[in-house]
Amino acid sequence: MHDEQALFELLCLETYQAGLSWETILNKRAAFKAAFHNYEIDKVAAMTDEELEAILQNPAVVRNRRKIYATRNNAQAFLQIQKDFGSFDQYIWSWVDFTVVVNPVKDYRKFPAKTDLSERLSKDLKKRGFKFVGPVCIYSFLQSAGLVDDHELTCDWKAMEN
């Protein structure tokens, strides 16, 4: 994944998911998308407290005040990374030397929920002002955005694409 807006949406969804099931978040995805201007980063970064408070009244989203406010905060931090690195894509892919990390997984149940990479990236994102970006959240983001491939050795997922 390299699209800035898609990366931002995915990062937001990962932060909402912290402590909840993916099913819950995916069922609320459309409502989140509508509430946050289709994840247009500039618009989210400029949202007012009043707009965020209105979202908190919407039962179609996860009404966690800290997560809702973190969305605006993270949009602002995202914009700063774009300014500092040219794009968030450039920043995030530099962490994996612009190459998908392929981990040979024998049994997904024994694979860790976080790695050294996600620990270091989480720390850097927090230093840059991001919220709800712990190492487990970030590892899930790296996997879902395609920077890390953790398919089991016995999984023939490439055959499933055809």
Side-chain angles (χ1 to χ4, degrees), residues 1-18 20-48 51-52 55 58 60-62 64 66-103 105 113-151 155 157-162:
M1 184 180 291
H2 295 282
D3 178 83
E4 296 288 291
Q5 191 169 332
L7 286 166
F8 179 64
E9 178 182 4
L10 184 57
L11 184 61
C12 290
L13 293 173
E14 293 289 355
T15 64
Y16 304 148
Q17 191 272 330
L20 302 171
S21 75
W22 259 115
E23 182 179 12
T24 297
I25 300 308
L26 292 177
N27 287 336
K28 296 178 179 285
R29 183 179 182 190
F32 273 122
K33 201 169 190 168
F36 287 108
H37 306 288
N38 200 38
Y39 291 106
E40 290 182 41
I41 304 157
D42 290 331
K43 288 183 179 179
V44 176
M47 291 180 79
T48 65
E51 289 174 292
L52 298 178
I55 293 170
N58 181 352
V61 301
V62 173
N64 179 305
R66 291 175 51 220
K67 290 180 181 182
I68 296 299
Y69 275 80
T71 304
R72 176 182 63 191
N73 177 85
N74 290 352
Q76 293 165 348
F78 198 100
L79 289 173
Q80 188 60 51
I81 282 181
Q82 288 178 320
K83 183 178 176 185
D84 294 344
F85 291 87
S87 69
F88 186 82
D89 178 67
Q90 183 75 20
Y91 165 79
I92 201 73
W93 278 92
S94 72
W95 283 86
V96 294
D97 294 326
F98 304 94
T99 304
V100 175
V101 174
V102 179
N103 294 317
V105 180
K114 59 184 177 178
T115 62
D116 178 61
L117 169 62
S118 71
E119 296 262 6
R120 290 183 289 114
L121 180 53
S122 169
K123 184 181 280 189
D124 192 69
L125 288 168
K126 288 176 183 177
K127 182 180 79 176
R128 295 176 186 282
F130 284 81
K131 308 282 186 206
F132 286 94
V133 290
V136 173
C137 169
I138 292 304
Y139 196 61
S140 181
F141 170 78
L142 292 171
Q143 291 170 313
S144 57
L147 285 84
V148 173
D149 176 354
D150 284 342
H151 279 85
C155 177
W157 67 273
K158 292 229 185 253
M160 288 186 272
E161 289 182 330
N162 297 328

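Numbers here simply count residues along the sequence, with the first being 1.
The shortest distance between side-chain heavy atoms of Trp22 and Leu13 falls below 4.5 Å. Contact of the Val101 side chain with the Asp149 side chain is not registered, since no non-hydrogen atoms from C-beta on lie closer than 4.5 Å. No side-chain heavy atom of Ile138 sits less than 4.5 Å from a side-chain heavy atom of Lys114. Here the side chains of His37 and Met47 are in contact, with some heavy-atom distance below 4.5 Å. When side chains are defined from C-beta on, Gln5 counts as touching Asn38, because their heavy atoms get closer than 4.5 Å. Annotation: side chain of Phe36 is not in contact with side chain of Arg72 (no heavy-atom distance under 4.5 Å).
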Please assess Asp150 against Tyr139 for the test side chain to side chain contact (heavy atoms under 4.5 Å, CB included), listing each intermediate value before the final yes or no. CA-CA 11 Å; Asp150 284 342; Tyr139 196 61; 2.5 Å; yes
If you apply the rule side chain to side chain contact (heavy atoms under 4.5 Å, CB included), what do you find for Leu52 with Ile55, and how did you get there? CA-CA 5 Å; Leu52 298 178; Ile55 293 170; 4.3 Å; yes
Please step through side chain to side chain contact (heavy atoms under 4.5 Å, CB included) for the pair Val100 and Val148, ending with a clear verdict. CA-CA 6 Å; Val100 175; Val148 173; over 6 Å; no
Might you work through the side chain to side chain contact (heavy atoms under 4.5 Å, CB included) test for Thr71 and Tyr16, ending with a clear yes or no? CA-CA 9 Å; Thr71 304; Tyr16 304 148; 3.1 Å; yes
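The structure places CZ of Phe32 at 5.0 Å from CD1 of Ile68, a figure rounded to the nearest 0.5 Å. Atom CD of Gln17 sits about 11.0 Å away from atom CG of Leu10, to the nearest 0.5 Å. Between the CG atom of Asp42 and the CD atom of Gln76 there is a distance of 11.0 Å, given to the nearest 0.5 Å. One finds the CZ atom of Arg66 at 9.5 Å from the NZ atom of Lys131 (value rounded to the nearest 0.5 Å). Atom CG of residue Leu11 and atom CZ of residue Phe141 lie 5.0 Å apart, to the nearest 0.5 angstrom. Going from atom CG of Leu121 over to atom NZ of Lys123 covers 12.0 Å, rounded to the nearest 0.5 Å.
Nearest heavy atom pair, residue Val44 against residue Ala75, reads CG1-CB, 3.7 Å. Summarising the geometry of Pro135 relative to Ser118, their closest heavy-atom pair is O-OG, 3.1 Å, with the distance given to 0.1 Å. Closest non-hydrogen pair, Val133 versus Leu125, comes out as CG2-CB, 4.0 Å. Contact detail for Gly129 and Ala77: the closest heavy-atom pair is C-CB, 4.3 Å. Among all heavy-atom pairs drawn from Arg128 and Asp84, the shortest one is NH1-OD2, 4.2 Å. Listed here is the closest heavy atom pair of Ile81 and Phe130: CD1-CE1, 3.6 Å.
Taking the charged nitrogens against the carboxylate oxygens, Asp124 and Arg120 have no contact shorter than 4.0 Å, which rules out a salt bridge.
Scanning for ring-ring contact (aromatic ring centres under 6.0 Å, His included) contacts around His2 gives Trp93, with sequence neighbours left out.
Asp97 places no side-chain N or O within donor-acceptor distance of the main-chain N or O of Thr99, the cut-off being under 3.5 Å. A donor-acceptor contact shorter than 3.5 Å links the side chain of Ser94 to the backbone of Tyr91.
Residue pairs meeting the salt bridge (Lys or Arg N to Asp or Glu O under 4.0 Å) criterion with at least one member in residues 2-16, sequence neighbours excluded, are Glu9-Arg29, Glu9-Lys33.
Of the candidates Tyr39, Phe85, Phe8, Phe8 is the only one forming a ring pair (Phe, Tyr, Trp, His ring centres under 6.0 Å) with Phe78.
Side-chain atoms of Tyr69 and Asn74 form no donor-acceptor pair, as typed in the model, at a separation below 3.5 Å.
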